[in-house]
Novice: 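Okay, here's the structure, questions in a sec.
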2 protein chains.
Amino acid sequence: MAYNVFARNCPSRTTLEHVTGRWGALTLSALHHSSFRFNELRRRVDGVSEKMLSQTLHALERDGLVHRDAQPTNPPRVDYRLTPLGQEVAERLLSLIRFVEGHQDDVAASQQRYDSLGGR
Amino acid sequence: MAYNVFARNCPSRTTLEHVTGRWGALTLSALHHSSFRFNELRRRVDGVSEKMLSQTLHALERDGLVHRDAQPTNPPRVDYRLTPLGQEVAERLLSLIRFVEGHQDDVAASQQRYDSLGGR
DNA sequence: CGGCATCCTATCGGATACTG
DNA sequence: CAGTATCCGATAGGATGCCG
């Protein structure tokens, strides 16, 4: 009933926030196409720091959207890929992202109009 | 090419962040069904503060996703509703939200598994 | 009613250094 | 390679007070 899908009074963020957050969204987008190793992902997810990628992957893994496949070799090799649930989430997420990206010119036009009319 | 749809090195957040952010998502969801006045929205978007709702509405209005209809009456009456572009965004957003909400039990199960295995 | 301005804290998130 | 730990500045976001 309430539109608040997020849990307030809850210190740890929710799944939807993991998904829609800046790094969560980019990580899921990157993993939609293929699995990647940690540093491959770092290069794909442009601008992410080691710390945030690690944190993001842990959250998504805990939520069951990403699977972590660690081989105990030396040097270590760890692959990350989407779970079936993660795939479905990523598809819906990408639908949204692509739509917004695709209408970025409309948005930019609107912003210019808004700003030129002295909207703050 | 890069998966970063967001502009880094950009102080002001991007449209996608306005949309997927906590309050942006909730606000668009609320407005998907009908137009609302400011304080109606505040009650619908559970947990939002006056400040954040105001901020969120400005950003969405500037992006051309929300239309602000202010009647210069006394007391003032201001209605907010989605633009056609905003409607399309809201639909894609709701598809994602509903999916994640609908699989919250799967997520919770995964989290319990993860935590019981000493994850972290 | 529909806001804006201010203050203050919690969290986000980058830089750097270190480990197996 | 695949991370963890720490420090620290930037931002999010709540509380409060005020106004047309």
Side-chain angles (χ1 to χ4, degrees), chain A residues 4 6-14 17-27 30-31 35-62 66-81 118-120, chain B residues 4 6-14 17-27 30-31 35-62 66-81 118-120:
Chain A
N4 198 339
F6 306 100
R8 276 132 298 96
N9 313 325
C10 174
S12 58
R13 330 268 316 292
T14 64
E17 287 176 303
H18 298 158
V19 170
T20 60
R22 174 188 230 150
W23 305 123
L26 293 175
T27 303
L31 286 173
S35 72
F36 287 111
R37 302 174 63 177
F38 189 84
N39 281 300
E40 283 178 331
L41 263 179
R42 263 205 76 182
R43 266 167 267 131
R44 293 256 167 186
V45 179
D46 191 23
V48 75
S49 67
E50 219 170 278
K51 174 184 167 183
M52 293 318 296
L53 181 57
S54 173
Q55 204 171 104
T56 300
L57 285 170
H58 276 304
L60 294 177
E61 186 195 356
R62 194 173 100 98
V66 162
H67 178 75
R68 182 176 186 276
D69 187 11
Q71 277 124 3
T73 60
N74 193 307
R77 178 187 178 94
V78 182
D79 284 276
Y80 293 92
R81 57 183 162 77
R120 146 175 293 285
Chain B
N4 198 339
F6 305 101
R8 274 132 301 98
N9 313 326
C10 174
S12 59
R13 328 270 313 292
T14 64
E17 287 176 304
H18 298 157
V19 170
T20 60
R22 176 189 229 149
W23 305 123
L26 293 175
T27 303
L31 287 173
S35 72
F36 286 112
R37 303 175 61 176
F38 188 84
N39 280 300
E40 282 178 333
L41 263 179
R42 264 205 75 183
R43 267 167 265 130
R44 293 257 167 185
V45 179
D46 192 21
V48 75
S49 68
E50 207 174 77
K51 175 184 166 181
M52 293 318 296
L53 181 58
S54 174
Q55 205 171 104
T56 300
L57 285 170
H58 276 303
L60 295 177
E61 187 195 356
R62 195 174 99 97
V66 162
H67 178 75
R68 182 176 186 274
D69 187 11
Q71 277 125 4
T73 60
N74 194 307
R77 179 190 178 92
V78 182
D79 284 277
Y80 293 93
R81 57 183 161 76
R120 155 185 288 290

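Per chain, numbering begins at 1; letters A, B, ... match sequence-line order.
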Novice: Starting at atom CG of A:Asp69, determine the distance to atom P of D:dG3, rounded to an integer number of angstrom.
Specialist: 11 Å

Novice: Tell me whether the OP1 or OP2 atom of C:dG2 has a side-chain N or O from B:Arg37 closer than 4.0 Å.
Specialist: yes

Novice: May I have the distance from B:Trp23 (atom CH2) to D:dG14 (atom P), rounded to whole angstrom?
Specialist: 5 Å

Novice: Is the side chain of A:Thr27 donor-acceptor paired with the backbone N or O of A:Trp23 at a distance under 3.5 Å, no angle test?
Specialist: yes

Novice: Nearest to the side chain of B:Arg68 - D:dA2, C:dG2, C:dG13?
Specialist: C:dG2

Novice: If you compare every side-chain N and O of B:Tyr80 against the phosphate oxygens of C:dG3 (OP1, OP2), does one of them come in below 4.0 Å?
Specialist: yes

Novice: Taking CE from A:Met52 and P from C:dA15, how many angstroms apart are they, rounded to a whole number?
Specialist: 13 Å

Novice: Just to confirm, is there a sub-4.0 Å distance from OP1 or OP2 of C:dA15 to any side-chain nitrogen or oxygen of A:Ser49?
Specialist: no

Novice: The side chain of A:Glu50 lies closest to which of these nucleotides: D:dG13, C:dG14, D:dT4?
Specialist: D:dT4

Novice: Could you check A:Arg43 against B:Gln55 and say which one's nearest nucleotide on DNA chain D is further toward the 5' end?
Specialist: A:Arg43

Novice: With respect to the side chain of B:Arg22, which nucleotide from D:dG13, D:dC7, C:dG3 is positioned closest?
Specialist: D:dG13

Novice: How long is the line joining CG of A:Leu57 and P of D:dC1, in whole Å?
Specialist: 16 Å

Novice: May I have the distance from B:Lys51 (atom NZ) to D:dG13 (atom C1'), rounded to whole angstrom?
Specialist: 5 Å

Novice: D:dG3 phosphate, OP1 or OP2: any side-chain N/O from A:His58 under 4.0 angstrom?
Specialist: no

Novice: Is the shortest side-chain N/O distance from B:Arg13 to OP1 or OP2 of D:dA12 below 4.0 Å?
Specialist: yes

Novice: Which heavy atom in B:His18 sits nearest to a heavy atom in B:Arg13, and how many Å separate them?
Specialist: NE2-O, 3.4 Å

Novice: Please check: side-chain N/O of A:Thr56 versus main-chain N/O of A:Met52, any donor-acceptor pairing under 3.5 Å?
Specialist: yes

Novice: Verify, without hydrogens or angle tests, whether B:Ser35 (side chain) and B:Arg81 (backbone) share a donor-acceptor contact under 3.5 angstrom.
Specialist: no

Novice: Taking all heavy atoms of A:Arg42 and all of A:Leu53, pick out the closest pair and write down the distance.
Specialist: CG-CD2, 3.4 Å

Novice: Nearest whole angstrom, please: distance from the C1' of C:dG3 to the CD of B:Glu61.
Specialist: 13 Å

Novice: For DNA chain D, what residues of residues 71-78 of chain A have any heavy atom nearer than 4.0 Å?
Specialist: A:Pro76, A:Arg77, A:Val78

Novice: How many whole angstroms separate atom CG of A:Asn39 from atom P of D:dC1?
Specialist: 5 Å

Novice: Do you know the tightest heavy-atom contact between B:Val66 and B:Tyr80?
Specialist: CG1-CD2, 3.9 Å

Novice: Which residues pass the side chain to side chain contact (heavy atoms under 4.5 Å, CB included) test with A:Arg37, not counting sequence neighbours?
Specialist: A:Glu40, A:Arg77, A:Asp79

Novice: Side-chain N or O of A:Ser54 versus OP1/OP2 of D:dG3: is the shortest distance under 4.0 Å?
Specialist: no

Novice: Quickly work out the A:Leu26 CG to C:dG13 C1' distance and round it to whole Å.
Specialist: 14 Å

Novice: Quick check: closest heavy atoms across A:Leu41 and A:Phe36, and the distance to 0.1 Å?
Specialist: CG-CB, 3.7 Å

